[in-house]
Every structure is written in structure tokens, then in C-alpha cells.
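Reminder, nothing fancy here: chain letters follow the sequence lines and each chain counts from 1. Any value given below was found using the heavy atoms of this structure, including those in side chains, with hydrogens, waters and symmetry copies removed.
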2 protein chains.
Amino acid sequence: MNTNYPGYEQVAVTVDLVVFTVNDDALNVMLVKRAEEPFADRWSLPGGFLRSSESLEDAALRVLKEKAGVEDVYVEQLYTFGDLARDPRARVITVAYFALIPWKELVSSPSDKVTDLMWASATRLPKLAFDHREIVAYAVQRLRAKAGYSNIVYALMPRQFRLSELQRMYEIIMNDKLDKRNFRKRMLATGLLQETGRKDVAGAHRPAMLYKFKKMEIAFLD
Amino acid sequence: MNTNYPGYEQVAVTVDLVVFTVNDDALNVMLVKRAEEPFADRWSLPGGFLRSSESLEDAALRVLKEKAGVEDVYVEQLYTFGDLARDPRARVITVAYFALIPWKELVSSPSDKVTDLMWASATRLPKLAFDHREIVAYAVQRLRAKAGYSNIVYALMPRQFRLSELQRMYEIIMNDKLDKRNFRKRMLATGLLQETGRKDVAGAHRPAMLYKFKKMEIAFLD
DNA sequence: GTAGTTAGTGTTCATATTACACTTAGTATA
DNA sequence: TATACTAAGTGTAATATGAACACTAACTAC
């Protein structure tokens, strides 16, 4: 790079991802096992160095594709962590992103090739490398806040779903029980849901109407 | 730095500040005139390169002290901008912060020495260097959102103030007119305000009670 | 055909938000 | 010293919002 700038000192930049999915009644975070020092063999967030030929967002999408094998999912910049001691070897700042992926998109993805990958409950994380525990905590906080005032939860749902599944999603993320009637009233009042006309016939009980989102955009509510 | 890391490529990191103050019935942003290329003589946000010996937050505070001559003001990380083309000379990503400073703290500060400095209305900015216009727009959006659900506006107020001044501050930031009675009811209901017992006697009218904040911390409301 | 399971539906009550107009306490000046 | 001027300060009624709450419907399994 051009080093004409005065005051320039070398700092490395990485991009780390907090990839959320909901499965097994829990909010799960994607972790990868580090192969190299520092923190070899320790679980960590998927990430990588920013290349000089790609934007931050491009880097985040690249990591997401490499590690999770997915594209076209919800990604948002979270925060930039730059404490001096966060990497014991060198000065590295990391731009953290978070991503939301419906579980169904993951089981069909080619990420099975990656062996040193796990999904850990966001509330029961193993020891993580660097300051990644702090990054996850921040991401959970952001996700909960946004679930409260936007329809961001959409990004975790499959294409069609029962209202009870949508309610369960909210309950898992917010870690709270919701009233069925009030929930349905509120959701339908947004005008963002559409009946598909199809019913799901799973189980020994009354079939449920399947819904989908009219648009996939994330919007502020109220 | 240690370059053992695989995949590392050189990227420079700067910190830029969107410093807000309210004066003259307008939300103003601090601008400095660039001395050097690129964008020499163009107005820009105050900023500087991240030094390898300081954290991101330290860098933001350093810039704030150098350019605005203030310490102990509200500072919050805004967003990190990293498009490829944002700096025509080299690959530079910038971690943007925004700061809130009561106007009264500025007039008494030694920043008068800095000559190439101006305060521009956030809605009537001159042409800015780099992608700084976009950064300001993002900061305004964040400030407005936070004014709606937190007491962040406190950070723009002097130590003592009339309720009508506080109302005016909200009106300027939100660009909206508020009802006097409802505003006072709501503010007093938060329990965060305290009468000082002193009245301000400015002008040919009934004197107003002066209030102060019980704590300076920024809190979420409701 | 009976038991089991989830889907689906309205109303009431409490709380929060909005709209709205007059009196009070001071200064300036005729 | 009375009158005009200005901003401070105050309450209530109407409306909208959010919370609590229980039964019937539709299907499968046995």
C-alpha cells in the first residue's frame, strides 16, 4: 500500500462472524476449532483477515460462504473490537458481524466437509479464543434488542411456517414465554404475513395454516 | 508487527469522529479543513490514524482532545466503513465514533487555536472529503433513534437547564414539535431530573426552575 | 369412537399516550 | 404605578395500547 500518509502504523484487520441459528429449542452459535497459534485447538468464531481487495462486507460474506457454505442470508455489522491485548501476538482489530441463518438452510449445505465446526448454545459456550466470548455476548444483546423493535426474526425462519413456530422462535430468542392470542393478533396486525393457503399436516392434531412473509426485508415495527 | 499470520495484507486504519453540539437552534457537526492530499482544502470529519499503541476508543478520545479540546464527553462507536474506494490513495478503513458536547463546554475550550475548524448544520453540510457525508448521515440517524429510547440527549445539555431548554433540545434533534405539558410530565416521571432550587431570571418573564440530572449515566427508558 | 394434541379465536381491564387552554410571575415602559 | 408583554407552570378527558385469560375445532392414533 501507499505509505505516504503521516502517522500510519501497522495494524492488522480481521473480520469475525457470530453466526446464529435456532435449532433444538436453543439459540446456537457457530464455532470453529483453531488450527494454529495463538489459541491452537481452542474454539473460536469463524473469521479471517481482511484482504486489501475486498470490502468489509465482502470479507464477511466470504467467511460465511467458506465456513457455513451459505449465501443470501441476513448479515449485519455488529461492532469493531480493538483493545490492545485482544491478540497476544500482534496488534489486530476485528470488525465483527452477525448473521442469521434458518436451520433448514444449513442441513442441506455443503458445510459438512468442515469437520472442526460445532454449534454451541449461546448460553453455554465453551472457552473461546481471543475476546470472542465478549463478541458473542454483544451479538446476543443486539439480536434481542432488534427482535423487540423489528422483524429481524424473519431471517431465522424457513420459507413457510406455522404461527406457533414463529412464536417459539421469539420465545427462544427473547428467553420469555408469550401469550398465544396476543402474539397472533400482533403478528397479523403488522400486515407482513401472508397465508399460503397450504396447511401442514404433521402430527396427530389439527393441521395449522402455513404462512410466509410478504417481503423479506427487515423493517422497523410501530 | 508480527507477520506470521497467514493471509495478512496491509490495510490502514483510521478513526473519524462525528462531533455533535446544539447551538443556534440547530444540530451542528464539527468539521476540519484538510491540509493535505487527498481532498486538500476540503472540509472533513476530524480523525487520525490508529496508532499501534492505543485502543480504538483511546484513539477517538485523543482526536477529540486534539481537535475539540474536550475530555469527559459522551463518545460511542458508530460504525466501521470499509469500502474499497473510500480513499483514492490507499486502502483505509475507518472506525467512526460519534460524540456529544454541550455548546457551553466548547466556547470555553482552547480549541480556538485550531483555525481551520467550523461547525456546520447537520442538514446543510458543505462538500466533504471521502465518504464523510455518509458517515454524518448515519450518525444523525443513530442519534435520533437513541434520543427516542434513551436519555442520551442529556449529554448535550449544560449542567443546569430549564425544562423548556431540554424540550427545545429534543425538538431540534428529532426535528419535531412537542407538547409542553406532556413533555414535562414525561420527563419528570422518569425520576432522573432534580430541581436545583435555583431559578433563572433571564428576560422579562416568569423565572424558570433550573433542573439538573441526578446521574450522568445514559440509561434506556421504559 | 374415544383420547390425545395442537390450532384457532374475543373480550375485559389496566395502563400509557395524546390533545388541549388558562393562570402565574416576572420585566419593561407609558 | 398600572398595563402590556413574555415565558413558566399546571390537569383532565378521550383514545390507543398492552396484558390477562379459557374454550372450541380439527385432526391422528389406538
Closest to side chain of [X], choosing from [options]:
| X | options | result |
| --- | --- | --- |
| A208(B) | dG9(D), dA29(D), dA7(C) | dG9(D) |
| R206(B) | dG26(C), dC27(D), dA25(C) | dA25(C) |
| K185(A) | dC21(D), dT9(C), dG10(C) | dG10(C) |
| N182(A) | dA26(D), dG9(D), dA20(D) | dA20(D) |

Give the rounded distance in Å between these two atoms: [atom1] of [X] and [atom2] of [N].
| X | N | atom1 | atom2 | value |
| --- | --- | --- | --- | --- |
| Q167(A) | dT6(C) | CD | C1' | 12 Å |
| L210(A) | dA26(D) | CG | C1' | 15 Å |
| Y211(B) | dG9(D) | OH | P | 6 Å |
| R186(A) | dG8(C) | CZ | C1' | 17 Å |
| R168(A) | dT6(C) | CZ | P | 12 Å |
| K180(A) | dG18(D) | NZ | C1' | 19 Å |
| M209(A) | dA26(D) | CE | C1' | 13 Å |
| D179(B) | dG9(D) | CG | P | 15 Å |

inquiry  = As an exercise, state the distance from CZ of F81(B) to CD1 of I135(B), rounded to the nearest 0.5 Å.
reply    =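 Those atoms lie 5.0 Å apart.
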query = Side chains of L193(A) and L163(A): closer than 4.5 Å at any heavy-atom pair?
reply =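 Yes - at least one pair of side-chain heavy atoms lies under 4.5 Å apart.
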query = Counting only distance, no hydrogens or angles, is the base of dT18(C) paired donor-acceptor with the side chain of K177(B) under 3.5 Å?
reply =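 It does not, because no donor-acceptor pair links the side chain of K177(B) to the base of dT18(C) below 3.5 Å.
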inquiry  = Check this for me: does the side-chain of K199(B) come within 3.5 Å of the base of dT24(C) through a donor and an acceptor?
reply    =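 Such a pair does not exist between side chain and base.
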ask   = With a 4.0 Å cut-off on heavy atoms, is R184(B) in touch with a base, just the backbone sugar-phosphate, or nothing at all?
value =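 Base, at least one base heavy atom under 4.0 Å.
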request  = Report yes if the distance between the aromatic ring centroids of Y154(A) and F161(A) is under 6.0 Å, otherwise no.
outcome  =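 They do not qualify: ring centres at least 6.0 Å apart.
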query = Between R86(A) and E134(A), is there a side-chain N and carboxylate O pair less than 4.0 Å apart?
reply =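 Not counted as a salt bridge, because no side-chain N and carboxylate O are separated by less than 4.0 Å.
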Pair R168(A) + E165(A): basic N to acidic O under 4.0 Å =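 Salt bridge: no.
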message = For a quick test of reading the model: is some side-chain N or O of S164(A) closer than 4.0 Å to OP1 or OP2 of dA7(C)?
response =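 Indeed, a polar side-chain atom of S164(A) lies that close.
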request  = Using the closest heavy atom to pick a nucleotide of DNA chain D for each, name whichever of R181(A) or H205(A) lands nearer the 5' end.
outcome  =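 Whichever sits nearer the 5' end wins; that is R181(A).
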